[in-house]
Every structure is written in C-alpha cells, then in structure tokens.
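Small disclaimer: the values here were computed from a predicted structure and weren't measured.
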Amino acid sequence: MSHPVVSNEEWLAARRDLLVKEKELTRARDRLNEARRALPWEEVTKDYIFDAPSGPKSLKELFGDCSQLIVYHFMLAPDWEEGCTGCSFFADHVDGAMIHLKHGDAGFVAVSRAPLEKIEAYRHRMGWKFPWVSAAESDFNYDYQASFRDEDIKGGAITYNYREIEPMGDLKDLHGVSIFAKGEDGKIYHTYSAYARGMEQALGTLMLLDLVPKGRNEDGVMDWVRRHDQYEDAPKAAACCH
C-alpha cells in the first residue's frame, strides 16, 4: 500500500477522525456484549460424560470451582493425527489467560471427538497446559453443532452457525465455542454458542496485527498461519484442515 506522508498537524487531524469511529465501535461492542449476556438460557438435561486424564468427568465437574464454563470445540477427529491449524492457533492464546479466567469466575476446557490418547499426544507436542477432554463416547459435539454424523454429510446439508449449509466434503468436525453457567439451583444451563468467525476477538495475534499497516497480511483467511512448531524458524520442541 502507498501512504501519503503528511505533517504532524495533518496526521493528528486524520487520527482524531478515526478515533470518532473507534469510539462508535467500542460503544456498539459494549451494547452487543450486554445483549449477549441478556440472552435467555436453556437447561442442559442430558448427562454428558467426557474422558479426562483423571477419569470420566461430567459437564458439571468440568466447571471446577467456577460458576461459568467456556468450552472450545477443538477440531481433532478420531482419525486425525494432529489438530486443526486454526484451532491450534486459537489454543496458543489460551494458557496465559487461564489464571485470569479463573479469577473472573470462568473455567475453560477444550473438547474433541478424538480419543484421549491422541489428544494428550498432541497437547504434549504443542506444550499446552489447559484442560482438554474427549467427547468420543458422547453426543456433546453433535448436540452443540460442532460435529456431524455420516447421515448428515450424506444428506447433503448440515446445520452450522445457525444456518443450513452444504457439507465441507467429508469434514465431520468444525470449530466453535459454547458457554455454560451453573445456576443457583445447581442446574447447568447453556447460555451461548458461536461458530466460524464468532471467536475472532479472542485471537490476540490478529487483534495486534489489525493495528499495523499491513494488517493481517493475508491472501486467504489466515493463509500464513501454521502450527507453532511448523514455522521454518520454529524451535523443534515438545484455514482448518487435517
């Protein structure tokens, strides 16, 4: 891109004009966040059981000491040997936030359909510490529209991001986030789910790149993103695809 070079006075005038738009966006985002928090809840009536390193866990047990739970639907199918590149990019942003989330009364867990041994092998390879469980024997990912059965694929339509779309080849897992709350009555409630670009604001790398002149520097969504151990200059230490 070619940019004009101007005086300090002209630069400040342009920056102040942009600040007005930034403030409009900030206020609009605040209103949207309020509307999200005001959504009605639905009770979770199914007993979901997940395979965790310490043994079987119910959805309620995944909350730990928190009254709120963030569940990330991580694309790692039973027959994959490594996780989705985009989900891995998201996961790189999580570990440092875990202690802050806990003190904000929110737990976090990733859920995949892969068996626990594959999850643990990939988590160890990537060096992540956040909790990650298997829903291999559960309807959880299907019920929350992040995974799709053979009959869905063969039928020619799947429901994803609250609309019916054509299957993406034979891909049976997509990414998303689901939010749950523990009510004062002890019951578990589903409060929110988002898919596709709905979690983009959590990707701090992209938010920082949005500040620089080249922006995200893409030729296709996140086309330059790799698993962090697959960049050419990455130390060899222990768009979504497999």
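- Remark: side-chain polar atoms of K102 are not paired, donor with acceptor, to backbone N or O of C66 under 3.5 angstrom.
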Legend entry - Residue pair I158, I165: steps toward the side-chain contact (heavy atoms from CB on, under 4.5 Å) verdict: CA-CA 5 Å; I158 60 174; I165 63 172; 3.5 Å; yes
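- Here the side chains of M199 and H93 are not in contact, with every heavy-atom distance at 4.5 Å or above.
- Between the OG1 atom of T85 and the CZ atom of R226 there is a distance of 8.0 Å, given to the nearest 0.5 Å.
- The number of heavy-atom neighbours closer than 6.0 Å to CG of L211, taken from other residues, nucleotides and ligands shown, is above 12.
- Taking all atoms of both residues into account, the shortest heavy-atom contact from S193 to S178 is OG-OG, 2.7 Å.
- Few gaps surround CD on E117; more than 12 heavy atoms of other groups in view lie less than 6.0 Å from it.
- For residues 4-20, the set of pairs meeting the salt bridge (charged side-chain N to carboxylate O under 4.0 Å, His left out) definition, not counting sequence neighbours, comprises R15-E22.
- Taken from CZ in F90 to CD in E200, the straight-line distance is 12.0 Å, to the nearest 0.5 Å.
- Across all their heavy atoms, P167 and I153 have their closest contact at CG-O, 3.6 Å.
- Here the side chains of N217 and V212 are not in contact, with every heavy-atom distance at 4.5 Å or above.
- E218 and W224 get closest at one heavy-atom pair: CG-NE1, 4.0 Å.
- The side-chain hydrogen bond (donor to acceptor under 3.5 Å, both in side chains) pairs that include a residue from residues 25-34 are N33-R36, where partners are two or more places apart or lie in different chains.
- Checking side-chain atoms of S112 against main-chain N and O of A114 turns up no donor-acceptor pair under 3.5 Å.
- Under the 4.5 Å side-chain criterion, counting only non-hydrogen atoms from C-beta, I49 is in contact with S58.
- Heavy atoms from other residues, nucleotides or ligands lying under 6.0 Å from CG of D210 number more than 12.
- To the nearest 0.5 Å, atom CZ of residue F89 and atom NE2 of residue H228 are 12.5 Å apart.
- Residue-environment remark: CG (D47) stays at or below the threshold of 12 foreign heavy atoms within 6.0 Å.
- Using a 4.5 Å cut-off on side-chain heavy atoms (C-beta onward), K46 and D143 make contact.
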Inset, instruction - Starting from the C-alpha separation in whole Å, work towards a yes-or-no answer on side chain to side chain donor-acceptor pair (under 3.5 Å) for D92 and W128. - result: CA-CA 8 Å; D92 284 337; W128 297 322; 2.9 Å; yes
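- Exactly one of Y72, F180, Y195 qualifies for a ring-ring contact (aromatic ring centres under 6.0 Å, His included) with Y144. That residue is F180.
- Taking every heavy atom of both residues into account, A194 and Y162 meet most closely at N-OH, 4.5 Å.
- Here the options are F148, Y142, F140, W132, the test is ring-ring contact (aromatic ring centres under 6.0 Å, His included), and the partner is H73; only F140 passes.
- Considering only heavy atoms from C-beta on, K118 stays 4.5 Å or farther from W80 through its side chain.
- Taking CZ from F50 and CG from L62, the interatomic distance works out to 5.5 Å, rounded to the nearest 0.5 Å.
- Closest approach of A196 and H175 over heavy atoms only: O-NE2, 2.8 Å.
- I70 places a side-chain heavy atom less than 4.5 Å from the side chain of V177.
- Applying the salt bridge (charged side-chain N to carboxylate O under 4.0 Å, His left out) test to pairs two or more places apart or on separate chains, those with a residue in residues 146-165 are D139-R149, D150-K172.
- The main-chain N or O of K129 is found under 3.5 Å from a side-chain atom of D95 such that the two form a donor-acceptor pair.
- Nearest approach of W41 to L39, heavy atoms of both residues: CD1-O, 3.5 Å.
- Distance alone, capped at 3.5 Å, places no donor-acceptor pair between the H103 side chain and the D105 backbone.
- The shortest side-chain heavy-atom distance between L174 and M168 falls under the 4.5 Å cut-off.
- Taking the six-membered ring for Trp and the full ring otherwise, the centers of F74 and F130 sit at least 6.0 Å from each other.
- Rounding to the nearest 0.5 angstrom, the gap separating the CE atom in M75 from the CZ atom in R113 is 10.5 Å.
- The side-chain heavy atoms of M126 and D229, taken from C-beta on, include a pair separated by under 4.5 Å.
- Distance check: H124 NE2 to I119 CD1 gives 15.5 Å after rounding to the nearest 0.5 Å.
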